[in-house]
Engineer: 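Starting off with a structure, shown below.
Numbers restart at 1 for each chain; the letters A, B, ... are given by sequence-line order, proteins then strands. What you see is a predicted model, and the numbers here were worked out from it, not measured in a lab.
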Amino acid sequence: MFRLKNTLTRTKEEFKPLEDNLVRMYACGPTVYDYGHIGNFRTFVAVDILRRYLKYLGYRVQHVMNITDVEDKIIRDMKAAGKSLREFTEFYTQEFLDDLDRLNIERPEVIPRATEHISEMSELVERLQEGGKTYASDGSVYFSISSFPQYGRLSGLKLEGNLAGARVDVDEYDKADARDFVLWKAPKDPDEPSWETEFGPGRPGWHLECSAMSMKYLGESFDIHCGGVDLIFPHHENEIAQSEAATGKTFVHTWFHVEFLQVEGERMSKSKGNFYTVRDLVDKGFSPDVIRYLLLSAPYNTQLNFTIDGLRGAASSLERLRNLRRRLAELAAAEGSDSSAIVAVKNAESGFAAGMDDDLNTSAALAAIFDMVRELNTALDEGKVLEDDRKAALEVFKKIDSVLGVLGPLEKPMLDPEIESLIEQRNMARRERKFARADEIRAELLARGIVLEDTPQGTKWRRK
RNA sequence: GGCGGCGUAGCCAAGUGGUAAGGCAGAGGUCUGCAAAACCUUUAUCCGUCGGUUCGAUUCCGACCGCCGCCUCCA
């Protein structure tokens with residue numbers, strides 16, 4: 001039984017899709033005005049784990065993630081860059097999608113852009129207008145919180161007294177109530193990107209696009225809405241208000257929020273110099289697999305401390321998993337099965353699922369896998385892994401990696417005549433007990449990133 | 001000020017009302033010509049501090065200390 005924490009109820013609930021076997025989920029995507037950073041990708045990796053585990057469980061998944069390609073910071077930076085909106089956002093959109101690919105994050109089924117859904121958004125505003133949930137001021141359209149009594153349920157914030165206080169209205173727009181939020185923004189400058197609508201020229205407020213696009217692609221009620229914890233308020237609170245005020249239906253069943261990460265024990269920020277993009281880390285020599293492993297190694301709902309040491313550790317952990325997988329793949333096993341091996345494999349599979357079933361507890365799931373790693377390595381040392389065990393173990397690796405997505409394809413035994421020849425020379429030297437020469441060859445290969453292992457089955461090599 | 005979360009070995013971290021998973025790093029060992037890989041042993045008499053409830057608490061309650069987040073754009 002898959003249990004998932006729902007921010008709305010603050011409890012782990014048994015997950016059941018609204019519609020038989022289909023899970024409809026939405027994830028708040030990036031605002032494309034800069035490269036994504038490692039904190040962003042923690043969220044997207046977590047959402048990816050969720051979607052992959054749903055598929056592991058046999059559900060069909062319809063997953064939508066928006067691209068916010070019109071917004072205040074975008075306008076600010078595109079002007080500074082002297083580029084058109086489209087030109088500016090297309091660049092960072094592409095970079096974002098590339099990072100997704102590098103981190104082996106599956107592409108959502110639909111990746112809609114805000115600027116391509118202006119009509120859906122204006123229709124939603126009209127619907128709210130007809131219901132008397134809005135008011136206009138200075139050419140902008142606002143949502144009236146007083147028309148939605150349930151406001152604040154998701155975040156648990158009591159806004160009545162609070163927001164009326166000091167920190168109100170950073171916005172230059174006039175609002176009737178400090179808690180109200182803008183649906184449609186009138187242009188401040190004539191050269192701002194703007195679209196014509198029934199209620200005048202302007203651009204969408206931030207919250208509007210997610211409501212309009214999620215409902216377009218997933219329906220007025222859907223299963224899971226994902227995002228970072230910082231989006232709980234006000235973004236998701238406002239999405240609920242405008243969506244439910246328009247439809248009268250429950251907008252989302254389960255709200256899934258991913259915790260922030262820290263970097264080297266501190267909040268990540270550009271001023272602290274601990275602000276990493278994926279490309280930064282790749283430049284430091286860490287592969288995207290390793291980054292992904294570290295990001296998913298702690299449960300999504302805890303504040304993970306992301307460190308460079310942690311990346312090194314993640315690299316070692318990952319190598320250990322791959323070593324076992326390769327060892328199994330290369331094994332020429334006798335027919336049959338050995339009980340200790342097969343029990344280890346079965347326990348890993350059930351332990352993995354048990355961990356994941358418990359609100360995607362990846363730490364517990366990984367622990368189950370590492371138990372198997374130890375047991376199978378021992379069994380291999382003792383020659384107790386037979387053909388059926390070998391196949392079952394490789395199958396389990398494949399299954400868990402369909403969720404974790406860190407192991408990559410099984411590397412084929414590589415053939416390289418030059419390396420083979422050097423290994424043969426080294427083995428000849430070893431037979432003649434000319435170890436100095438043998439070690440020289442080994443060091444030479446290591447310098448080229450080739451690691452040698454002398455095993456009872458002969459000398460094996462792999463790339464480091 | 002309001003609300004929420006966290007504090008477990010050198011590091012990352014799971015977890016439970018009955019006495020501490022897993023990973024990384026370190027040390028010792030087995031194997032090896034030496035390595036590598038792998039395995040074994042070892043590293044928290046104790047889970048921020050102080051009280052309380054309980055036969056028993058790291059796990060529940062309270063206070064305190066420290067850290068983080070939200071309350072404003074933010075993954």
Side-chain angles (χ1 to χ4, degrees), chain A residues 7 10 27-31 36-47 71-73 152 155-159 161-163 165-171 178 206 226-235 237 257-262 265-269 293-294 297-321 323-324 326-327 351 355 358 361-371 373-382 429-431 433-436 438-439 442-443 446 451-456 459-462 464:
Chain A
T7 307
R10 276 152 251 270
C28 288
T31 300
H37 56 68
I38 203 66
N40 295 316
F41 289 109
R42 197 236 174 145
T43 299
F44 295 116
V45 166
V47 171
E71 182 262 359
D72 289 356
K73 283 197 285 283
S155 58
L157 293 176
K158 295 179 198 69
L159 296 162
N162 223 342
L163 271 190
R167 317 170 92 172
V168 184
D169 221 355
V170 233
D171 218 317
W206 173 37
C226 313
V229 285
D230 54 323
L231 298 185
I232 295 172
F233 186 89
H235 185 51
E237 199 72 77
H257 288 106
V258 182
E259 258 297 344
F260 267 30
L261 54 71
Q262 289 183 258
E266 290 192 291
R267 177 174 182 139
M268 182 174 58
S269 72
Y293 182 93
L294 181 55
S297 64
Y300 75 91
N301 56 5
T302 65
Q303 290 180 26
L304 166 69
N305 187 9
F306 188 95
T307 65
I308 294 295
D309 268 353
L311 280 169
R312 294 195 191 100
S316 300
S317 300
L318 202 45
E319 195 178 352
R320 183 143 170 247
L321 293 172
N323 282 346
L324 171 60
R326 181 166 11 81
R327 216 179 157 189
D358 183 17
N361 188 336
T362 44
S363 292
L366 284 170
I369 296 166
F370 278 99
D371 284 337
V373 170
R374 194 185 55 251
E375 287 158 14
L376 283 186
N377 270 318
T378 301
L380 281 161
D381 287 344
E382 295 170 350
R430 289 174 71 210
R431 277 194 293 276
R433 304 195 67 78
K434 291 177 181 163
F435 295 121
D439 290 351
R442 184 170 61 196
L446 185 61
V451 180
L452 297 189
E453 290 180 21
D454 298 322
T455 77
T459 300
K460 297 197 160 130
W461 66 276
R462 62 189 160 89
K464 203 175 174 182

Engineer: Using a cut-off of 4.0 Å on non-hydrogen atoms, how would the nucleic acid contact of A:Arg431 be classed: base, sugar-phosphate, or nothing?
Structural biologist: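 The answer is nothing, as A:Arg431 stays clear of every strand by at least 4.0 Å.
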Engineer: State whether the distance check finds a donor on one side and an acceptor on the other, under 3.5 Å, for side chain A:Arg374 versus base B:C39.
Structural biologist: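 Result: no qualifying N/O pair found.
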Engineer: Please determine, for the side chain of A:Ala438, which listed nucleotide (B:C70, B:A13, B:G33) has the closest atom?
Structural biologist: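 It is B:G33.
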Engineer: Whole-Å distance between B:A36 C1' and A:Arg326 CZ?
Structural biologist: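 Rounding to the nearest Å, CZ of A:Arg326 and C1' of B:A36 are 11 Å apart.
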Engineer: At 4.0 Å (heavy atoms only), tell me whether A:Asp72 reaches a base, stays on the sugar-phosphate, or touches nothing.
Structural biologist: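 Touches nothing.
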Engineer: If you measure from the C1' atom in B:A9 to the same atom in B:U45, how many Å do you get, rounded?
Structural biologist: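 About 13 Å, rounded to a whole number of Å.
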Engineer: Is the base of B:A75 stacked against the aromatic ring of A:Phe260, taking ring centres under 5.5 Å apart and planes under 30° as the test?
Structural biologist: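 Stacked: centres under 5.5 Å apart, planes under 30°.
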Engineer: When the distance from CG of A:Asp371 to C1' of B:G23 is rounded to whole Å, what number comes out?
Structural biologist: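 To the nearest whole Å, that distance equals 11 Å.
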Engineer: Quick one: A:Leu304 CG to B:A75 C1', roughly how many Å, whole number?
Structural biologist: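 Result: 13 Å.
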Engineer: Taking only the C1' atom of each, what is the distance from B:U41 to B:C31 in whole angstrom?
Structural biologist: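 It comes out at 15 Å once rounded to the nearest Å.
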Engineer: Should B:G69 form a Watson-Crick or G-U wobble pair with both distances under 3.5 Å, which nucleotide is its partner?
Structural biologist: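 The base-pairing partner of B:G69, which may sit in any strand shown, is B:C3.
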Engineer: Across the strands shown, which category fits A:Val258 at heavy-atom distances under 4.0 angstrom: base, sugar-phosphate, nothing?
Structural biologist: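 Nothing, no heavy atom under 4.0 Å.
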Engineer: A:Arg442 side chain: which of B:A21, B:A13, B:C34 is closest?
Structural biologist: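 Given the options B:A21, B:A13, B:C34, the side chain of A:Arg442 is closest to B:C34.
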Engineer: Would you say the base of B:C31 and the side-chain of A:Asp454 have a donor-acceptor pair closer than 3.5 Å?
Structural biologist: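 Flag unset: no donor-acceptor pair detected.
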Engineer: Specify the residue among A:Gly310 and A:Asn40 whose closest nucleotide of RNA chain B lies further upstream toward the 5′ end.
Structural biologist: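 This one resolves to A:Gly310.
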Engineer: Write down the partner of B:U16 under the Watson-Crick or G-U wobble criteria, each distance required to be under 3.5 Å.
Structural biologist: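 Looking at the geometry, B:U16 pairs with no nucleotide.
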Engineer: Taking atom C1' in both B:U49 and B:A38, what distance in whole Å separates the two?
Structural biologist: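 Rounded to whole Å, the distance is 43 Å.
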Engineer: On a heavy-atom basis, which atom in A:Tyr300 and which in A:Val258 lie closest, and how many Å separate them?
Structural biologist: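 Closest pair (atom of A:Tyr300, atom of A:Val258, distance): O-CG1, 3.7 Å.
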Engineer: Do A:Arg430 and A:Thr459 come close enough that some side-chain heavy atom pair is under 4.5 Å?
Structural biologist: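 The answer is yes, as the side chains (C-beta and beyond) meet within the 4.5 Å cut-off.
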Engineer: Reckon A:Arg327 touches a base, only the sugar-phosphate, or nothing at all at heavy-atom distances under 4.0 Å?
Structural biologist: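 Sugar-phosphate: the residue A:Arg327, judged by heavy atoms under 4.0 Å, touches backbone atoms but no base.
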Engineer: Under a 4.5 Å cut-off applied to non-hydrogen side-chain atoms, are A:Met268 and A:Phe260 in contact?
Structural biologist: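 No, side chains not in contact.
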Engineer: So A:Leu261, base contact, sugar-phosphate only, or nothing? Heavy-atom distance under 4.0 Å.
Structural biologist: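 The answer is base, as A:Leu261 lies within the cut-off (heavy atoms under 4.0 Å) of a base atom.
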Engineer: With both distances under 3.5 angstrom, what nucleotide forms a Watson-Crick or G-U wobble pair with B:C24?
Structural biologist: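 B:G10 is the nucleotide pairing with B:C24.
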Engineer: Paired with B:C39: which nucleotide, if any, by Watson-Crick or G-U wobble criteria at under 3.5 Å for both distances?
Structural biologist: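 Paired with B:C39, as far as the under-3.5 Å criterion goes, is B:G29.
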Engineer: Between B:C70 and B:A14, how many Å separate the two C1' atoms, rounded to a whole number?
Structural biologist: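 After rounding to an integer number of Å, I get 26 Å for this pair.
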Engineer: Please measure how far the P atom in B:A57 lies from the corresponding atom in B:G23, and state the result in whole Å.
Structural biologist: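 Pairwise P distance, B:A57 against B:G23, rounds to 30 Å.
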Engineer: Provide the distance between the two P atoms, one in B:C61 and one in B:G4, to the nearest whole Å.
Structural biologist: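 The same atom, P, in both gives a distance of 13 Å.
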Engineer: When we call it a touch if two heavy atoms are under 4.0 Å apart, what does A:Ile232 touch: a base, just sugar-phosphate, or nothing?
Structural biologist: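 Here A:Ile232 touches no strand at all.
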Engineer: So which nucleotide from B:C70, B:A37, B:G22 ends up closest to the side chain of A:Asn323?
Structural biologist: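 Taking heavy atoms from C-beta onward, the closest nucleotide is B:A37.
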Engineer: When you measure from the side chain of A:Val373, which nucleotide among B:G33, B:C39, B:A21 comes out closest?
Structural biologist: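 The listed nucleotide nearest to A:Val373's side chain is B:C39.
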Engineer: Assess the side chains of A:Thr31 and A:Glu71: does a donor N or O sit below 3.5 Å from an acceptor N or O?
Structural biologist: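 A:Glu71 and A:Thr31 do not have a side-chain donor-acceptor pair below 3.5 Å.
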Engineer: State which of B:C71, B:C74, B:G33 makes the closest approach to the side chain of A:Trp206.
Structural biologist: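 Closest nucleotide among those given: B:C74.
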Engineer: Mark yes or no for a side-chain to base donor-acceptor pair under 3.5 Å between A:Arg42 and B:A75, with no hydrogen or angle criteria applied.
Structural biologist: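 No, the side chain and the base share no sub-3.5 Å donor-acceptor pair.
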Engineer: Please measure how far the P atom in B:C12 lies from the corresponding atom in B:G48, and state the result in whole Å.
Structural biologist: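 It works out to 14 Å between them.
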Engineer: Tell me whether A:Phe370 is stacked on the nucleobase of B:G22, counting only the six-membered base ring and applying the 5.5 Å and 30° thresholds.
Structural biologist: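 A stacking contact does not exist, since A:Phe370 is not both close and nearly parallel to the base ring of B:G22.
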Engineer: Return the nearest nucleotide to the side chain of A:Gln262; candidates are B:A21, B:C68, B:C24.
Structural biologist: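 Between B:A21, B:C68, B:C24, the one nearest the side chain of A:Gln262 would be B:C68.
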Engineer: Which residue, A:Lys460, A:Arg462, A:Arg327, forms the side chain to side chain donor-acceptor pair (under 3.5 Å) with A:Glu453?
Structural biologist: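 Of the listed options, the one satisfying the test is A:Arg462.
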Engineer: C1' atom, B:U43 versus B:C24: distance in rounded Å?
Structural biologist: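 About 13 Å, rounded to a whole number of Å.
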Engineer: Pick base, sugar-phosphate or nothing for A:Asn305, based on heavy-atom distances below 4.0 Å to the nucleic acid.
Structural biologist: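 The answer is sugar-phosphate, as A:Asn305 gets under 4.0 Å only of primed atoms, P, OP1 or OP2.
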Engineer: For the side chain of A:Ala364, counting heavy atoms from C-beta on, which of B:G22, B:G69, B:A14 is nearest?
Structural biologist: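 Between B:G22, B:G69, B:A14, the one nearest the side chain of A:Ala364 would be B:A14.
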Engineer: Starting from P on B:G22, measure out to CG on A:Asn361 and report it in whole angstrom.
Structural biologist: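 One finds 14 Å between P of B:G22 and CG of A:Asn361, rounded.
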Engineer: Both A:Leu366 and A:Leu452 contact RNA chain B. Which one's nearest nucleotide lies toward the 5' end?
Structural biologist: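 Residue closer to the 5' terminus by nearest nucleotide: A:Leu366.
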Engineer: With sugar-phosphate meaning primed atoms plus P, OP1 and OP2, does A:Pro299 contact a base, only sugar-phosphate, or nothing at under 4.0 Å between heavy atoms?
Structural biologist: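 Contact class for A:Pro299: sugar-phosphate only.
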Engineer: Classify A:Arg430 by what it touches in the nucleic acid, base, sugar-phosphate, or nothing, heavy-atom distance under 4.0 Å.
Structural biologist: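 Base, at least one base heavy atom under 4.0 Å.
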Engineer: Would you say a side-chain N or O of A:Thr302 is under 4.0 Å from OP1 or OP2 of B:C6?
Structural biologist: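 Looking at the OP1 and OP2 atoms of B:C6, neither is under 4.0 Å from any side-chain N or O of A:Thr302.
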Engineer: Have a look at A:His37 and say if it touches a base, only the backbone sugar-phosphate, or nothing, with a 4.0 Å heavy-atom cut-off.
Structural biologist: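 Base contact.
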Engineer: Quick one: does A:Asp439 reach the base of B:G33 with a side-chain donor-acceptor pair under 3.5 Å?
Structural biologist: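 For A:Asp439, whose side chain was compared with the base of B:G33, there is a donor-acceptor pair (under 3.5 Å).
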Engineer: Nearest heavy-atom pair of A:Val47 and A:Ala27: which atoms, and what distance?
Structural biologist: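 It is CG1-CB, 4.0 Å.
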Engineer: Nearest to the A:Thr43 side chain among B:A75, B:C73, B:A25, which nucleotide is it?
Structural biologist: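 Selected nucleotide: B:A75.
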Engineer: With a 4.0 Å cutoff (strictly under), does any side-chain N or O of A:Arg312 reach OP1 or OP2 of B:C11?
Structural biologist: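 Answer is no, no contact under 4.0 Å.
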Engineer: Could you check whether any side-chain N or O of A:Glu237 sits under 3.5 Å from a backbone N or O of A:Gly152, counting only pairs where one atom can act as donor and the other as acceptor?
Structural biologist: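 Looks like yes, one N/O pair under 3.5 Å.
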Engineer: For B:A63, which nucleotide in any strand shown is its Watson-Crick or wobble partner with both distances under 3.5 Å?
Structural biologist: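 B:A63 is paired, partner B:U49.
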Engineer: Counting any heavy atom closer than 4.0 Å, what does A:Leu231 reach on the DNA or RNA strands: base, sugar-phosphate only, or nothing?
Structural biologist: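 Counting heavy atoms under 4.0 Å across all strands, the contact made by A:Leu231 is with sugar-phosphate only.
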Engineer: To the nearest Å, give me how far apart NZ (A:Lys460) and P (B:A35) are.
Structural biologist: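 Spelled out: NZ on A:Lys460 to P on B:A35 is 21 Å.
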Engineer: Closer than 3.5 angstrom, by distance alone: can the side chain of A:Arg42 be matched with the main-chain N or O of A:Glu259 as a donor-acceptor pair?
Structural biologist: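 At least one qualifying donor-acceptor pair exists.
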Engineer: Is A:Asn301 touching bases, backbone alone, or none of the nucleic acid, heavy atoms closer than 4.0 Å?
Structural biologist: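 Counting heavy atoms under 4.0 Å across all strands, no contact is made by A:Asn301.
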Engineer: Can you tell me which nucleotide in B:C71, B:A14, B:C73 comes closest to the side chain of A:Leu157?
Structural biologist: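 Closest nucleotide among those given: B:C71.
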Engineer: Side chain of A:Ser317, heavy atoms from C-beta onward: which of B:A36, B:G22, B:C24 has the nearest atom to it?
Structural biologist: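 Side chain of A:Ser317 sits closest to B:C24.
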Engineer: Please check if any side-chain donor atom of A:Asn323 sits under 3.5 Å from a side-chain acceptor atom of A:Arg326, or the reverse.
Structural biologist: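 Yes, a side-chain donor-acceptor pair sits under 3.5 Å.
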Engineer: Can you give me the closest heavy-atom contact between A:Ser363 and A:Pro299, atom names plus distance?
Structural biologist: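 Closest heavy-atom pair between A:Ser363 and A:Pro299: OG-CD, 3.2 Å.
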Engineer: Measure from CD on A:Glu259 to C1' on B:C68 and round the result to the nearest Å.
Structural biologist: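 After rounding, the reported distance stands at 8 Å.
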